[in-house]
Amino acid sequence: MIGIIANPSSGKDIRRLVAQGTVFDNMEKVNILQRIMAVIHSAGLRDVYMMPDAFSMSERVRNNLKKSLKIHVPIKKLDMICMNDQTDSVRAAKLLQQMGATAIITLGGDGTNRAVAKSCQKVPLIPLSTGTNNVFPKMIEGTMAGMAAVVVERDRDKRFVKMNRRKKLNIYKNHQLIDLALVDAAITNDRFVGARALYEVEALCELAVTTAKPDCLGMSAIAGSILPVGETDDYGLYLKVGKGGELKTWVPMAPGMMQCVTFESYRKIEENERFMIKTKEGMVALDGEREVPFNPEDRIDIALSLEGPYVVDINETLRHASQGGFFIEKDGQGLTKSKAYSFYMK
Amino acid sequence: MKITDEALVKLYGDMWLIRLFEQRAADLFATGQLPGFIHLGIGQEAFMAGTYHSLKPGDSVGTSHREHGLLLLLGIEPKSLMAELYGKETGCCKGKGGSMHACLPKNGALGCNGILGSAQTIINGYGFAHHVRNDGHIAVTIFGDGAANRGDVHEGMNLASVLNLPVVFIIVDNGYGISMSSKDSSVVPDLSARAAGYGIPGITVDGNDVLAVIEATGEAFKRAREGGGPSVVEFKTYRHRGHFEGDPTPYRSKDEVAAWMAKDPIPRLEKILLERHILSEDQMQAIKAEKVAIVDEAQKFAEDSPYPTGPESYADVYYHYEGSE
């Protein structure tokens with residue numbers, strides 16, 4: 001069974017006002033889902049569950065494919081109450097894991113995948129980006145994601161599926177594990193959550209990242225401007241940001257927005273290393289969104305774990321599937337029959 | 001985002017003033033003391049207080065029919081607004097505007113147009129005036145999810161974009177246009193997505209979080225003041241009452257109402273004020289008591305005021321052109 005979690009709220013945050021971000025309309029998400037579902041359907045797979053949402057994306061996908069491709073896609077909605085917030089993704093991921101999903105396709109940003117990772121540690125994710133500031137999910141054509149999902153579902157022996165386990169940062173407040181980040185945990189001097197998205201470098205005090213990429217936007221790019229750290233490297237990076245430092249780099253903080261960041265110091269974070277932050281009062285922003293406020297009497301610790309979610313490498317999976325003959329037509333059966341697959345699955 | 005403790009305390013007081021004023025209006029309407037229709041903004045205080053926080057004196061603000069609260073913050077005295085709801089001559093429009101058309105143009109409180117959705121073209125006139133005067137002020141228009149589907153709104157957004165006017169379109173999606181769910185009246189759940197069609201930014205924000213409202217309006221207003229042009233800011237919120245007082249709301253479920261009550265903006269701000277040690281429980285009670293006294297005074301003033309009589313009853317109702325009889 002394949003699961004789909006599409007966040008209807010992603011792609012509309014304040015970065016559209018303060019930077020050059022574009023609105024990612026939900027109709028475009030429906031369009032991507034149609035491409036994914038059309039591929040899954042053409043492979044003869046019918047067992048697909050999707051998170052319900054206020055926009056009724058699953059119904060729209062079903063209706064649109066019926067009209068355009070004349071196919072009936074029996075996409076099923078998860079049996080859950082929709083709260084129209086981040087907790088929907090958390091609950092949907094938990095349900096999909098319990099129901100034995102072989103893969104979960106996510107449409108959203110870093111925050112959506114963070115919510116999924118909170119409750120789902122075993123099922124591999126196929127994350128598609130529907131925004132501009134994302135590091136964890138890939139900006140890739142939905143058709144390819146659908147093909148990767150087909151390979152994961154069919155390739156039970158895991159001959160072709162290539163995946164890697166990502167890192168995460170565990171966040172402790174007063175010694176209690178309260179949250180996690182998949183890419184970055186930024187400590188800011190903000191006192192309030194507000195509109196959530198972090199875009200002002202002036203507010204930044206400390207930064208911990210699992211992944212430091214110079215070819216992305218936001219927090220990971222800050223770290224990536226000094227020392228790139230890959231998604232599968234077994235360490236992370238901690239940076240102390242401040243005007244007292246001598247090292248300055250230019251960083252793409254948001255779409256089209258370059259800002260100069262000054263560092264006091266930086267160092268690697270080792271696996272399971274747990275450290276206390278230095279800032280006395282402010283906010284912990286997780287994967288670019290202000291989430292956890294703390295006062296002077298609170299203690300905030302961050303620890304790097306290598307046991308984050310499994311993520312399917314779409315490009316490598318399709319490459320290996322191709323090399324293994326996964327896509328070869330057999331006996332004129334086409335993709336709608338599973339013979340070709342069963343031949344290669346033996 | 002930066003905001004002082006003093007500003008937060010003021011926001012808290014503002015939100016309570018709105019709620020208490022509206023609750024009193026509900027009570028007075030239920031006992032037959034207020035004429036006509038009233039549409040109350042209980043539950044929507046955060047977007048009103050937060051939007052006001054980001055405005056500057058001299059800005060022009062067109063409200064809808066559910067924003068008594070914003071009119072209070074824009075400078076209509078509670079006594080004057082309550083008298084207006086009563087239809088008394090001491091009201092801000094001498095009792096002839098009533099709930100729907102209460103306004104105070106000298107403070108930039110333009111009031112509500114009788115045809116919802118049409119004010120979004122009219123606001124461009126104010127925006128154009130600010131643009132021509134180059135006075136650094138902006139024009140803001142507030143409308144609901146129902147009005148957002150009307151044609152004039154799109155004409156207004158298009159023209160504002162073409163002329164790069166300092167206009168901010170604020171959509172208040174409170175779930176229903178009268179009894180029509182916004183889920184059933186629009187194919188896009190986040191109405192801010194409409195902005196993309198006019199080449200302007202659009203964002204959707206939790207309208208029950210006053211700090212999120214302040215950050216969103218702060219950036220949108222700043223952008224407009226600095227020549228960045230129009231934008232669309234959508235607030236997701238919920239009216240605790242029906243569309244109008246007396247509406248039994250058969251179109252919404254108890255579960256839905258309960259879920260939104262749990263997102264009530266005032267307790268959410270109280271939680272922040274307590275967590276950040278900005279106000280104690282006692283101090284919050286004192287602020288609330290102060291606002292109760294203001295509303296008591298407003299009610300008494302309105303009750304004691306006379307209705308317009310004689311020729312005054314007809315004054316200011318129709319415009320008399322020079323030479324006309």
Side-chain angles (χ1 to χ4, degrees), chain A residues 7-30 53-57 59-60 63-64 81-87 188-200 202-203 254-255 281-283 285 289-290 292-298, chain B residues 1-5 8 50 168 175 181-184 186-197 199-206 209-224 228 231-234 236 255-256 259-260 262-263 268-269 271-273 275-278:
Chain A
N7 178 3
S9 302
S10 68
K12 299 177 190 71
D13 69 40
I14 199 166
R15 283 174 286 224
R16 277 81 203 153
L17 274 178
V18 299
Q20 307 303 309
T22 51
V23 176
F24 204 103
D25 178 36
N26 281 348
M27 292 305 281
E28 180 55 22
K29 289 175 198 164
V30 168
D53 69 274
F55 188 41
S56 305
M57 283 196 265
E59 283 96 326
R60 289 171 196 272
N63 293 337
N64 291 350
I81 294 169
C82 202
M83 301 299 289
N84 301 316
D85 58 26
Q86 200 184 67
T87 62
T188 76
N189 58 20
D190 292 304
R191 296 180 70 211
F192 308 106
V193 171
R196 307 193 87 84
L198 193 60
Y199 56 91
E200 289 177 317
E202 292 77 21
E281 182 180 19
M283 186 73 58
E289 294 194 337
R290 295 185 285 257
V292 183
F294 60 95
N295 285 325
E297 63 269 24
D298 294 321
Chain B
M1 64 176 293
K2 301 285 178 242
I3 183 165
T4 63
D5 290 356
L8 278 172
V168 177
S181 166
S182 55
K183 292 173 193 167
D184 298 327
S186 170
V187 292
V188 289
D190 293 322
L191 300 165
S192 64
R194 302 261 175 84
I200 58 178
I203 63 168
T204 298
V205 177
D206 180 351
D209 180 343
V210 70
L211 293 164
V213 171
I214 286 171
E215 191 167 16
T217 51
E219 293 294 352
F221 294 177
K222 178 168 170 263
R223 187 176 186 278
S231 57
V232 178
V233 178
E234 180 192 16
K236 296 291 190 193
D255 287 347
E256 178 187 294
W260 274 99
K263 297 178 186 175
R268 285 173 72 176
L269 180 57
K271 183 168 180 279
I272 292 171
L273 293 169
E275 278 176 0
R276 290 298 191 185
H277 312 308
I278 296 168

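Since the model is a prediction, treat every value here as computed from it, not as a measurement. Naming: A, B, ... by sequence-line order, numbering from 1 per chain.
A/L17 and B/A216 get closest at one heavy-atom pair: CD1-O, 3.6 Å. For B/E275 against A/N295, the heavy-atom pair with the smallest separation is O-ND2, 2.6 Å. Residues A/D190 and B/R276 approach most closely at O-NH2, 4.2 Å, considering heavy atoms. Annotation for A/F192 and B/I278: closest pair CZ-CD1, 4.3 Å, computed over non-hydrogen atoms. Of all the heavy atoms in B/E219 and A/I14, the pair that sits closest is CG-CD1, 3.8 Å. Across all non-hydrogen atoms, the minimal contact from A/P8 to B/D190 is O-OD2, 3.5 Å.
Atom CG in A/D85 sits 9.5 Å away from atom CG in B/D206 (nearest 0.5 Å). The CZ atom of A/R191 sits 9.0 Å away from the OG1 atom of B/T4 when rounded to the nearest 0.5 Å.
For chain A, the nearby part of B/D209 is the side chain; its heavy atoms alone come within less than 4.5 Å. Contacts between B/V213 and chain A at a heavy-atom distance below 4.5 Å are absent for every atom of the residue. Only the side chain of A/E297 comes within contact range of chain B, with at least one heavy atom under 4.5 Å from a heavy atom of that chain. For chain B, the nearby part of A/R196 is the backbone; its heavy atoms alone come within less than 4.5 Å. Only the backbone of A/V193 comes within contact range of chain B, with at least one heavy atom under 4.5 Å from a heavy atom of that chain. For a residue to count as touching a neighbouring chain, one of its non-hydrogen atoms must lie under 4.5 Å from one of that chain's; by this rule B/I214 does not touch chain A. If you measure heavy-atom distances from A/E202 to chain B, you find no contacts under 4.5 Å at all. Interface residue A/Y199: only side-chain heavy atoms are found under 4.5 Å from chain B. Of the atoms belonging to A/D53, not a single heavy atom falls under 4.5 Å from chain B. For chain A, the nearby part of B/L8 is the side chain; its heavy atoms alone come within less than 4.5 Å.
Using a 4.5 Å heavy-atom cutoff, the side chains of A/V18 and B/K222 are not in contact. With contacts defined as side-chain heavy-atom distances shorter than 4.5 Å, the pair A/E200/B/K2 does not qualify. Residues B/T204 and A/R16 have side chains not in contact (no heavy-atom distance under 4.5 Å, counting atoms from C-beta outward).
Distance alone, capped at 3.5 Å, is enough to place a donor-acceptor pair between the B/E215 side chain and the A/A195 backbone.
Between chain A and the options B/D5, B/V210, B/I3, the largest number of non-hydrogen pairs under 4.5 Å is found for B/D5.
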